[in-house]
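Here the structure comes first, spelled out in C-alpha cells, and everything after it is commentary.
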Amino acid sequence: MPKDVITPRATDYNQWYLDIVREADLAEPAEVVRGCIVVKATGWGIWEMMQRELDQRIKATGHANVQFPLLIPRSFIMKEAEHVEGFAPEVAEVTRAGGEDLSDPYVIRPTSETIIGYFYSRWIRSYRDLPLLYNQWCNVMRWEMRTRPFLRTSEFWWQEGHTAHATEAEAEAETLKILHEVYADFVEQIMAVPVIRGLKTEKEKFPGALRSYCIEAMMQDGRALQAGTSHNLGQNFARAFDITYTDQNNTVQHCWTTSWGVSTRLIGALIMTHSDDEGLVLPPRLAPTQVVIVPIYKNPEERTRVLETIERITGDWQGRLRFKVDDRDNLTPGFKFNEWELKGVPVRLEVGPKDVEKNSVAVARRDVPGREGKSFVPQAGLTERLVALLDEMQTGLFRRALTFREQRSATVRSYDELKQQVEQGFAWAYWDGSADDERRIQEETRATIRCIPLEQPETPGVCVYTGRETMRQVVFARAY
RNA sequence: CGGGGCGUGGCUCAGCCUGGUAGAGCACCGCGUUUGGGACGCGGGGGUCGUGGGUUCAAAUCCCUCCGCCCCGACCA
C-alpha cells in the first residue's frame with residue numbers, strides 16, 4: 001500500500017511541489033534562518049551535477065573562475081542609479097563587527113556587479129587586457145518577502161559571470177554566446193527542459209542593464225519560469241565604476257560589460273517540468289545516480305549469490321553508467337523501490353534469486369512510474385540496453401515537455417483571448433504597447449511579458465492591446 | 001508590508017473550551033520472525049508543553065507581553 005505522502009498535482013500544485021522537495025530529500029526550510037533553506041545531500045548532488053555541466057561550458061567558452069568577497073561596501077551599491085533602485089530594498093546589511101559599529105557598513109552581496117566593477121577598474125588599463133572573462137560560483141542573499149524552496153529563497157547559490165569588452169559588438173556577442181552555448185544548451189540537453197530564448201522588455205530587464213536576454217521555461221501548471229539571464233550592461237557599470245581602457249589610438253574609453261547567471265532555482269525548474277505524483281523524475285544525463293540496484297534475498301546464502309551476480313553484471317559499468325547498489329539490510333525491497341522512485345533515479349534494477357537462476361534482471365524505468373514501467377530482461381547485453389534506455393528516456397522527457405508546452409501555448413489576437421490564454425499557459429501576441437500598458441495588463445491578468453523571442457515572425461500583425469500594426473511578437477504568461 | 005494560521009518527545013498532531021500525575025501515530029533502540037511494491041510481534045528510551053510575566057492551593061490549559069515559523073496577496077533569479 002503506497003503511503004499518501006505526496007499531494008497529487010491536480011489537487012494542489014503548490015503543495016505537490018513542497019511535498020516533492022521534502023520527500024525526495026532535496027532541501028528543508030532552515031527554520032531558524034528566515035527565508036533560507038538547508039540543501040540536503042540529494043539536492044546538493046543535483047546542483048553539483050548542474051555545476052559540473054555548466055562549468056565545463058563556461059570554461060569551453062573561454063572563462064576562468066575567480067572569487068570575490070561576500071561583503072560589499074554599502075556605498076558601492078549606490079553608485080549605479082537603476083541598480084540601487086532595484087536592489088536596495090532587498091539587501092541585508094552588516095553594521096556591526098568586532099564588537100563595534102562599522103563607520104562604513106557592508107551589504108551581503110545580492111549580486112556582485114558593483115564590487116567586481118571596482119576591481120575591474122583597477123585591473124584594466126589597456127585594450128590588451130580585454131576581454132576580461134571571469135565567472136564566480138557563490139551564494140548571494142536577497143531579503144525576499146515571500147520565499148519558496150529553490151524558486152525564491154533569501155540565500156541562494158548560483159554562478160555569476162562578469163566580463164569586460166572593448167566594443168559594444170563584442171559585449172553583445174558575449175551576452176548571446178552565453179545564452180545559447182552555455183544556458184540554453186545545458187538546460188535543453190542536460191536538464192531536458194525546452195526553453196524560449198528572448199529579450200526582456202524595459203520593464204523586466206535587470207536593474208542597470210542595457211539589455212537582458214533570458215531563457216524561459218513552462219512549468220506543468222502552465223506558468224513561466226525564468227531559467228537563466230544574460231545581460232549586456234552597456235557602459236552603465238563601466239561609467240559608475242570607472243572601468244576604462246586605453247585603445248590603440250591612445251584614447252581612454254569606457255569598457256562594455258556583461259553579467260549572466262543561473263541559480264539553484266534550476267532545481268525548481270527541474271522539479272516542475274518532469275516530476276510526477278510519485279516523486280521526483282531526473283533526466284538521465286543530470287542524475288547523480290542513473291541506475292540503482294536493489295538486491296532481493298531471503299537468507300545469507302541467497303544474499304551472497306545475488307550480490308555476486310550484481311558484481312558480475314556491473315563489471316563493465318565504470319565510466320559508462322553512474323550506479324549504486326542499495327545493499328542496506330534493514331529495509332525491505334518494497335520500501336527501497338518507493339524511496340528511489342521518490343528520489344527520481346532514472347532506472348532501478350532488481351536482482352533476486354529468480355534472476356540468478358534465469359540470468360535475468362528486472363528493469364524499472366522512472367518515466368513510467370509503478371509496476372507498468374517494470375520488465376524482466378536477460379543479463380546478456382544489459383549494459384548496452386541500459387545505455388540505450390537512458391538515452392531514450394532523456395529524449396523522451398524533452399519531447400514530452402516540449403509537447404506539453406506547445407499544447408499550452410497559443411497565439412492570441414485580442415486582449416480577451418490573451419486574458420483567457422494566460423489562465424492556462426503561454427500567450428504569443430503581437431505587441432506594440434508601452435511599459436505602462438504592460439503594467440496595466442499585469443494588474444488585470446497577473447501575466448507579464450516573459451520575453452520578446454529571438455525568433456520573430458516575418459509578417460506584421462496587430463498589437464493585442466493597442467491595435468497598432470507591428471512586426472514584434474512577445475510571449476505573455478504568469479510567472480514564478 | 002497587509003491578511004490568516006500555528007508553536008506540546010525527532011516528525012505529524014490530540015489534550016486547552018470545562019485548570020488537578022503529559023498522550024497517540026510515525027520515527028528511533030533491542031530481540032525474534034520477515035524480505036520480488038512502503039513488513040510484523042514483543043520489549044524499551046525520549047518532552048523544563050516557544051519566551052517572560054500575571055491569576056490560582058494548583059497552569060500545556062485562563063489573562064497579558066514578546067519571539068519564532070508556516071500559508072495567502074503586491075515586488076523579485
(request) Describe the nucleic acid contact of A:Q226 in one word from base, sugar-phosphate, nothing, applying a heavy-atom distance below 4.0 Å. (result) sugar-phosphate
(request) With the side chain counted from C-beta on, respond yes when A:T273 and A:F404 share a heavy-atom pair under 4.5 Å apart, and no when they do not. (result) no
(request) Grab the CH2-P distance between A:W47 and B:A77 for me, whole Å please. (result) 16 Å
(message) For B:A77 and A:Q159 - does any side-chain N or O of the residue sit under 4.0 Å from the phosphate oxygens OP1/OP2?
(response) no
(message) I need the CG-C1' distance between A:N338 and B:G38, as an integer number of Å.
(response) 5 Å
(message) Suppose you measure atom C1' in B:C57 against the same atom in B:U65; what distance do you get, rounded to whole Å?
(response) 26 Å
(message) If you take the centroid of each ring, where Trp contributes its six-membered ring, are A:Y134 and A:H162 closer together than 6.0 Å?
(response) no
(message) Classify A:G228 by what it touches in the nucleic acid, base, sugar-phosphate, or nothing, heavy-atom distance under 4.0 Å.
(response) nothing
(message) Does the structure show a Watson-Crick or G-U wobble partner for B:G43, both distances under 3.5 Å? Name it, or say none.
(response) B:C29
(request) Check every strand shown and say whether A:F206 touches a base, only sugar-phosphate, or nothing at a heavy-atom separation below 4.0 Å. (result) nothing
(message) Distance to the ring centre below 6.0 angstrom and angle to the axis at most 45 degrees; does that hold for A:R197 and A:Y213?
(response) no
(request) Write down the distance between CG (A:N139) and C1' (B:A77), rounded to a whole number of angstrom. (result) 14 Å
Scan nucleotides 28-35 of chain B against the protein and return all N/O pairs shorter than 3.5 Å with their distances rounded to 0.1 Å.
residue : atom : partner : partner atom : Å
B:U35   : O2'  : A:Y297  : O            : 3.4

(request) Mark this stacking check for A:W158 against B:A77 as yes or no, applying ring centres under 5.5 Å and ring planes under 30°. (result) no
(message) Using a heavy-atom cut-off of 4.0 Å across all strands, would you classify A:I215 as base, sugar-phosphate, or nothing?
(response) nothing
(request) Choose from B:G38, B:G36, B:C75 the nucleotide whose nearest atom is closest to any side-chain atom of A:E350. (result) B:G36
(message) When the C1' atoms of B:U56 and B:U61 are compared, how many Å lie between them, rounded to an integer?
(response) 13 Å
(message) Using Watson-Crick or G-U wobble geometry with both distances under 3.5 Å, which nucleotide pairs with B:C75?
(response) none
(message) Distance check, P atoms only: B:A39 and B:C71, in whole angstrom units.
(response) 31 Å
(request) Determine the Euclidean distance between corresponding P atoms of B:G19 and B:G15; express it in Å to zero decimal places. (result) 15 Å
(request) Check whether NZ of the Lys or CZ of the Arg A:R305 lies under 6.0 Å from the centre of the six-membered ring of A:Y297 and within 45 degrees of that ring's axis. (result) no
(message) Parallel, tilted or perpendicular, judged at 30° and 60°: which one describes the rings of A:F119 and A:F68?
(response) tilted
(message) Expressed as a whole number of angstroms, how long is the span from A:R303:CZ to B:G36:P?
(response) 15 Å
(request) State whether the distance check finds a donor on one side and an acceptor on the other, under 3.5 Å, for side chain A:K336 versus base B:G38. (result) no
(message) Which heavy atom of A:R265 sits nearest to which heavy atom of A:L151, and what is that distance?
(response) NE-O, 3.1 Å
(message) Just the rounded figure in Å: distance from P of B:C75 to CD of A:E443.
(response) 8 Å
(message) Only pairs with both distances under 3.5 Å count, Watson-Crick or wobble alike; so what is the partner of B:C16 in this structure?
(response) none
(message) Counting the benzene-type ring for Trp, do A:F156 and A:W158 have ring centres under 6.0 Å apart?
(response) yes
(request) Check whether NZ of the Lys or CZ of the Arg A:R9 lies under 6.0 Å from the centre of the six-membered ring of A:W16 and within 45 degrees of that ring's axis. (result) yes
(request) Under a 3.5 Å limit for both distances, which nucleotide forms a Watson-Crick or G-U wobble pair with B:U34, could you say? (result) none
(request) Report which part of the nucleic acid A:S263 touches: base, sugar-phosphate, or nothing (heavy-atom distance under 4.0 Å, all strands). (result) base
(message) Once you apply a heavy-atom cut-off of 4.0 Å, does A:A227 come out as touching a base, just sugar-phosphate, or nothing?
(response) nothing
(request) Can you check whether any acceptor in the base of B:G37 is under 3.5 Å from a donor in the side chain of A:R348, or vice versa? (result) yes
(request) Answer with yes or no whether A:E339 presents, from its side chain, a donor or acceptor under 3.5 Å of a partner atom in the base of B:G38. (result) no
(message) Other residues, nucleotides and ligands only: do more than 12 of their heavy atoms fall within 6.0 Å of CD on A:Q420?
(response) no
(request) Return the nucleotide paired to B:C67: Watson-Crick means purine N1 to pyrimidine N3 with N6-O4 or O6-N4, wobble means G-U with N1-O2 and O6-N3, both under 3.5 Å. (result) B:G7
(request) Hunt down the Watson-Crick or G-U wobble partner of B:U61, both distances under 3.5 Å, from any strand shown, or write none. (result) none
(message) At 4.0 Å (heavy atoms only), tell me whether A:G261 reaches a base, stays on the sugar-phosphate, or touches nothing.
(response) nothing
(request) Could you say whether A:Q15 or A:P353 is positioned toward the 5' end of RNA chain B, judged by the nucleotide with the nearest heavy atom to each? (result) A:P353
